[in-house]
Amino acid sequence: AMLRLRLLTWDVKDTLLRLRQPVGQSYAAEARAHGLQVQPEALGRSFREVYGAQSRRFPNYGHGQGLSSRQWWLDVVKQSFRLSGVQDEAALTKLAEKLYRDYCSSHNWEVLPGAAETLSRCRQLGFRMGVVSNFDSRLEVILSQCNLRHHFEFVLTSEAAGFAKPDGRIFEQALRLGGARPEQAAHIGDDYSRDYRAARAAGMHSFLLRAGQGEGPEVPHEHVLPTLSHLLARIEK
């Protein structure tokens with residue numbers, strides 16, 4: 001059946017952009033530049049632990065708890081280094097500020113294969129386009145730096161929305177911004193619960209990018225994208 005779509009909304013991390021290298025490696029390289037030796041693997045483990053704890057304690061970058069996303073991230077970086085044995089508070093502050101800025105740029109992010117071409121083609125076909133991402137306010141700058149921002153009419157982050165996926169209210173805001181009813185819209189992302197299932201629960205169509213991941217819940221074959229380039233065949237019908 002023809003989908004009659006007007007609006008496409010996009011997840012960003014691991015859908016359109018990915019980190020050039022693991023967080024532990026980036027953090028360790030920055031530490032070396034400040035004269036500190038820290039093992040990348042240890043830093044990676046510390047980061048995952050700290051990020052998880054911070055996300056549970058202050059969900060959505062501390063929105064509604066009086067934290068700015070900048071402060072939220074500076075705390076995460078400092079605690080990751082402390083947990084990895086770095087004691088020097090002055091160095092921690094410098095490191096955190098520098099890394100917060102570095103993750104704003106294409107220095108740490110790269111565009112996934114097929115992303116730019118697929119976005120261009122979707123725009124040529126007349127779809128309205130927006131971003132729906134559990135990200136902080138740096139996302140606008142990151143997308144601009146990676147030369148993807150111009151594809152989108154709006155960039156809706158969980159920080160700006162006040163809700164994070166899978167909360168349906170972030171999708172409701174996106175539909176308002178895109179001027180579409182749920183059945184006229186499709187969301188594309190790589191996370192089963194936050195992207196695929198959450199968008200469908202909001203009444204939208206959805207496609208799950210599964211780059212070589214066979215595991216995970218059953219999703220109808222026609223809703224799965226082995227690569228982004230497969231999207232056009234699914235929506236051009």
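Worth knowing before you read on, the calculation uses all heavy atoms, side chains too, and leaves out hydrogens, waters and symmetry mates. This one's a predicted model, so the numbers in the text were calculated from it and none came from an experiment.
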Review point. Are the side chain of T15 and the backbone N or O of D190 linked by a donor-acceptor pair below 3.5 Å?
Key: yes
Review point. Has the side chain of Q54 got a donor or acceptor atom that lies under 3.5 Å from a matching backbone atom of W72?
Key: yes
Practice item. List the atom of S193, the atom of P166, and the distance in Å for their closest heavy-atom pair. Key: O-CB, 3.7 Å
Check your understanding: Does one side chain, of Q21 or S26, offer a donor that lies under 3.5 Å from an acceptor on the other?
Key -> yes
Practice item. Please confirm whether the backbone N or O of K165 pairs with a side-chain atom of N134, one donor and one acceptor, at under 3.5 Å? Key: yes
Practice item. Kindly compute the distance separating CG (L175) from CE (M204), expressed to the nearest 0.5 Å. Key: 5.0 Å
Review point. Applying the 4.5 Å side-chain criterion to the ILVMFWY set and letting contacts propagate, would V131 and F154 be lumped into a single cluster?
Key: no
Exercise for review: Just do the side-chain contact (heavy atoms from CB on, under 4.5 Å) check on H223 and R200 with the steps written out, would you?
Suggested key: CA-CA 11 Å; H223 298 167; R200 296 192 92 76; 3.1 Å; yes
Practice item. May I ask you to decide if E222's main-chain N or O and R234's side chain share a donor-acceptor pair within less than 3.5 Å? Key: yes
**Study point:** Check: Y103 main-chain N/O paired with H107 side-chain donor or acceptor under 3.5 Å
**Key:** no
Exercise for review: Look at the side-chain heavy atoms of Ile, Leu, Val, Met, Phe, Trp and Tyr, link any pair under 4.5 Å apart, and say whether I188 and Y196 land in one connected group.
Suggested key: no
Review point. Do we see a donor-acceptor contact under 3.5 Å between the side chains of S46 and S84?
Key: yes
Review point. Out of curiosity, L148 CG to I142 CD1, how far, rounded to the nearest 0.5 Å?
Key: 11.0 Å
Practice item. To the nearest 0.5 angstrom, please state how far the CG atom of L16 sits from the CG atom of L228. Key: 6.5 Å
Point to revise | Steps toward side-chain contact (heavy atoms from CB on, under 4.5 Å) verdict (D11, L209) | key: CA-CA 10 Å; D11 171 54; L209 180 64; over 6 Å; no
Practice item. Return yes if some donor-acceptor pair links the side-chain N/O of R149 with the main-chain N/O of F152 below 3.5 Å, else return no. Key: yes
Review point. Any idea how W73 and F47 line up, ring-wise: parallel (<30°), tilted (30 to 60°), or perpendicular (>60°)?
Key: parallel
Check your understanding: With a 3.5 Å cut-off and no angle check, do the side chains of Y61 and S68 form a donor-acceptor pair?
Key -> no
Check your understanding: Measuring from K13:NZ to D191:CG, what's the distance to the nearest 0.5 Å?
Key -> 10.5 Å
Practice item. Indicate yes or no for a side-chain donor-acceptor contact from T93 to the backbone of E89 under 3.5 Å, with no hydrogens or angles considered. Key: yes
Review point. Going from CG on L92 to CZ on F81, what distance comes out if it is rounded to the nearest 0.5 angstrom?
Key: 7.5 Å
Check your understanding: Among the clusters formed by ILVMFWY side chains lying less than 4.5 Å apart, do L139 and L74 turn up in the same one?
Key -> yes
Review point. Hey, does the side chain of Q65 reach the backbone of R57 with a donor-acceptor pair shorter than 3.5 angstrom?
Key: yes
Practice item. Rounded to the nearest 0.5 Å, what's the gap from CG on N108 to CD on Q145? Could you check? Key: 11.0 Å
Point to revise | Side chain to side chain, R4 and Q184, heavy atoms closer than 4.5 Å | key: no
Practice item. Check step by step if side-chain contact (heavy atoms from CB on, under 4.5 Å) holds for F58 and V76. Key: CA-CA 11 Å; F58 301 107; V76 165; over 6 Å; no
**Study point:** Side-chain heavy atoms of V86 within contact of L36, under 4.5 Å
**Key:** yes
Point to revise | Side-chain touch I170/L156, heavy atoms, less than 4.5 angstrom | key: yes
Check your understanding: Do the charged groups of K94 and E30 touch, with an N to O distance under 4.0 Å?
Key -> no
Exercise for review: Would you tell me whether D195 and H187 have side-chain atoms, one donor and one acceptor, within less than 3.5 Å of each other?
Suggested key: yes
Check your understanding: Will you find, in the side chains of N60 and S158, an N or O donor that is under 3.5 Å from an N or O acceptor?
Key -> yes
Check your understanding: Hey, is the main chain of P226 close enough, under 3.5 Å, to the side chain of R210 for a donor-acceptor pair?
Key -> no
Exercise for review: Apply side-chain contact (heavy atoms from CB on, under 4.5 Å) to Y27 and V38, showing your working.
Suggested key: CA-CA 9 Å; Y27 281 27; V38 196; over 6 Å; no
Point to revise | Test log, rule salt bridge (charged side-chain N to carboxylate O under 4.0 Å, His left out), inputs E159 and R70 | key: CA-CA 11 Å; E159 180 178 11; R70 182 174 174 279; over 6 Å; no
Exercise for review: Give a yes or no answer on whether the side chain of Q173 reaches the backbone of A161 with a donor-acceptor pair at less than 3.5 Å.
Suggested key: yes
Practice item. Treat each ILVMFWY residue as a node, draw an edge where side-chain heavy atoms are under 4.5 Å apart, and state whether V155 and F127 are in one component. Key: yes
Review point. For R138, does the CZ atom sit with more than 12 other heavy atoms under 6.0 Å from it, leaving out its own atoms?
Key: yes
Check your understanding: Cluster question for you: counting only ILVMFWY and a side-chain heavy-atom cut-off of under 4.5 Å, with indirect links fine, are F135 and M129 together?
Key -> yes
Check your understanding: So, do H151 and S120 sit near enough that their side-chain heavy atoms are less than 4.5 Å apart?
Key -> yes
**Study point:** Qualifying residues under side-chain contact (heavy atoms from CB on, under 4.5 Å), relative to R128, sequence neighbours excluded
**Key:** R6, L7, E153
Exercise for review: Could you tell me whether the side chains of D75 and Q79 share a donor-acceptor contact shorter than 3.5 Å?
Suggested key: no
